**Student:** 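Next up is a structure, given as C-alpha cells.
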Amino acid sequence: MIGMVSKYDRVVGYGFLIPEDPTNPDASDFFVRCSNIQGPKYQCFLRLRQIVEFNPIDVESRPQAINVRKSPTTIARQVGHKAAL
C-alpha cells in the first residue's frame, strides 16, 4: 500500500500515515512505530508529507503499518497527492 506521512515524532518514535486510496477518501490513518521502518536504525524517522510504501495490518482493531519503506518516487508522487495540496 502507498501512503503519506501525516505526523511523525522522532523523539517518541511513532506517527501516522494517510493511505492513498482513491476508492476510499475517508480511509483511517495507520499507526507506525520506528521499529517498523525498514533501513538502518539510526535513520528511524519519517518526514511530514513523505510518500512511503507499507503493509497494512490490524492490531486490536487498530490499523497499523509494518515494513514501511521510503518510496523512491517521493517527490513525483507528493505533487499529485490529495493531502499535499
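Computed over heavy atoms, backbone and side chain alike; hydrogens, waters and symmetry mates excluded. If you're wondering where the values come from, they're calculated on a predicted model, not measured in any experiment.
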**Student:** Looking at Ile2 and Glu53, what are the two nearest heavy atoms and their distance?
**Tutor:**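 Distance-wise, the nearest heavy atoms are CG1-CG, 4.1 Å.
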
**Student:** With sequence neighbours excluded, tell me which residues meet side chain to side chain contact (heavy atoms under 4.5 Å, CB included) with Ser35.
**Tutor:**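 Applying side chain to side chain contact (heavy atoms under 4.5 Å, CB included) to Ser35 gives Arg33.
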
**Student:** To the nearest 0.5 Å, tell me how far Asn36 CG sits from Cys44 SG.
**Tutor:** 9.0 Å

**Student:** Is the shortest heavy-atom distance from the side chain of Leu17 to the side chain of Phe54 under 4.5 Å?
**Tutor:**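 Of all side-chain heavy-atom pairs linking Phe54 with Leu17, at least one is under 4.5 Å.
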
**Student:** Does the side chain of Val68 come within less than 4.5 Å of Phe30's, by heavy atoms?
**Tutor:** no

**Student:** Enumerate donor-acceptor pairs with a distance under 3.5 Å from any side-chain N or O in residues 55-67 to protein atoms, sequence neighbours excluded.
**Tutor:**
unit_1: Asn55; atom_1: OD1; unit_2: Asn67; atom_2: ND2; d: 3.1
unit_1: Asn55; atom_1: OD1; unit_2: Arg69; atom_2: NH1; d: 3.4

**Student:** Residues in side chain to side chain contact (heavy atoms under 4.5 Å, CB included) with Tyr14, at least two apart?
**Tutor:** Val12, Phe31

**Student:** At their closest point, which heavy atom of Tyr8 faces which heavy atom of Ile37, and how far apart are they?
**Tutor:** OH-CD1, 3.7 Å

**Student:** Indicate the atoms forming the closest heavy-atom contact of Ser6 with Leu48, along with that distance.
**Tutor:** O-CD1, 3.1 Å

**Student:** To the nearest 0.5 Å, how far apart are CG in Asp29 and CE in Met4?
**Tutor:**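 It comes to 9.5 Å.
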
